[in-house]
Amino acid sequence: MPLTLSHKILDDILQKHGIKPNDLAAIDKLFGGADGYYWYHTMRHMCPRGDVMTWSDADEMRTALQDHENETAAEDEVKPQALKDSHVAAIAGLLAS
């Protein structure tokens, strides 16, 4: 199942669930639990405003997200966060086309 990411899609997801962009706890929960907000913000950062990114499946999306995290962590000289299965499942469910 294709997965699609854009700023509009992320904004629509929050609106659909009645979540305000500054409600970190609700975003955490929606995007797979602890650190869900982190991955939500990572997706906003990796997809330039006005662009649309697509992946053919959850594995492809997971690789893209983790690669982006690894690259930005290396730039900042910090240890990258590890994307958990719970995050992948939640994100894939939310981005499914």
Side-chain angles (χ1 to χ4, degrees):
M1 176 178 303
L3 307 172
T4 307
L5 171 67
S6 70
H7 280 253
K8 179 174 179 2
I9 288 170
L10 291 173
D11 292 343
D12 289 349
I13 289 168
L14 294 186
Q15 185 177 22
K16 176 182 174 183
H17 289 89
I19 298 173
K20 300 213 182 288
N22 61 350
D23 188 344
L24 278 55
I27 294 171
D28 260 354
K29 185 176 178 182
L30 184 62
F31 284 85
D35 294 326
Y37 179 80
Y38 182 86
W39 294 108
Y40 164 81
H41 183 70
T42 298
M43 289 186 291
R44 290 188 78 85
H45 182 263
M46 76 182 279
C47 185
R49 189 171 290 283
D51 284 2
V52 175
M53 300 177 86
T54 59
W55 300 284
S56 59
D57 58 34
D59 289 334
E60 193 175 280
M61 179 208 60
R62 177 185 212 132
T63 299
L65 260 170
Q66 191 63 62
D67 286 350
H68 179 78
E69 170 62 10
N70 295 346
E71 289 172 22
T72 57
E75 289 170 6
D76 295 340
E77 298 179 356
V78 298
K79 183 179 176 184
Q81 292 268 3
L83 191 58
K84 296 178 183 169
D85 291 342
S86 61
H87 298 123
V88 172
I91 293 167
L94 293 166
L95 300 182
S97 302

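None of the values given here were measured: they were computed from a predicted structure.
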- Message: Apply side-chain contact (heavy atoms from CB on, under 4.5 Å) to residues M43 and L95 and explain how you reach the verdict.
- Response: CA-CA 11 Å; M43 289 186 291; L95 300 182; 4.0 Å; yes
- Please say which of I13, I19, D12 ends up in a side-chain contact (heavy atoms from CB on, under 4.5 Å) with Q15. D12
- So how far is it from H68 NE2 to L83 CG, rounded to the nearest 0.5 Å? 12.0 Å
- Item | Reported CG-to-CD1 distance for the pair L14 and I27, which is rounded to 0.5 angstrom | 5.0 Å
May I have the list of side-chain donor-acceptor pairs in residues 46-57 shorter than 3.5 Å, sequence neighbours left out?
residue : atom : partner : partner atom : Å
S56     : OG   : E60     : OE1          : 3.1
D57     : OD1  : D59     : N            : 3.1
D57     : OD1  : E60     : N            : 2.8

- For residues 78-92, which residue pairs qualify under side-chain hydrogen bond (donor to acceptor under 3.5 Å, both in side chains), counting only residues two or more places apart or in two chains? R62-D85
- Output every pair passing side-chain hydrogen bond (donor to acceptor under 3.5 Å, both in side chains) with a member in residues 30-40, not counting sequence neighbours, ordered by first then second residue. Y38-E69, Y40-R44
- Looking only at heavy atoms, what is the nearest atom pair of M61 and L3, with distance? CB-CD1, 3.8 Å
- Query: Any side-chain heavy-atom pair from L65 and I91 closer than 4.5 angstrom?
  - Reply: yes
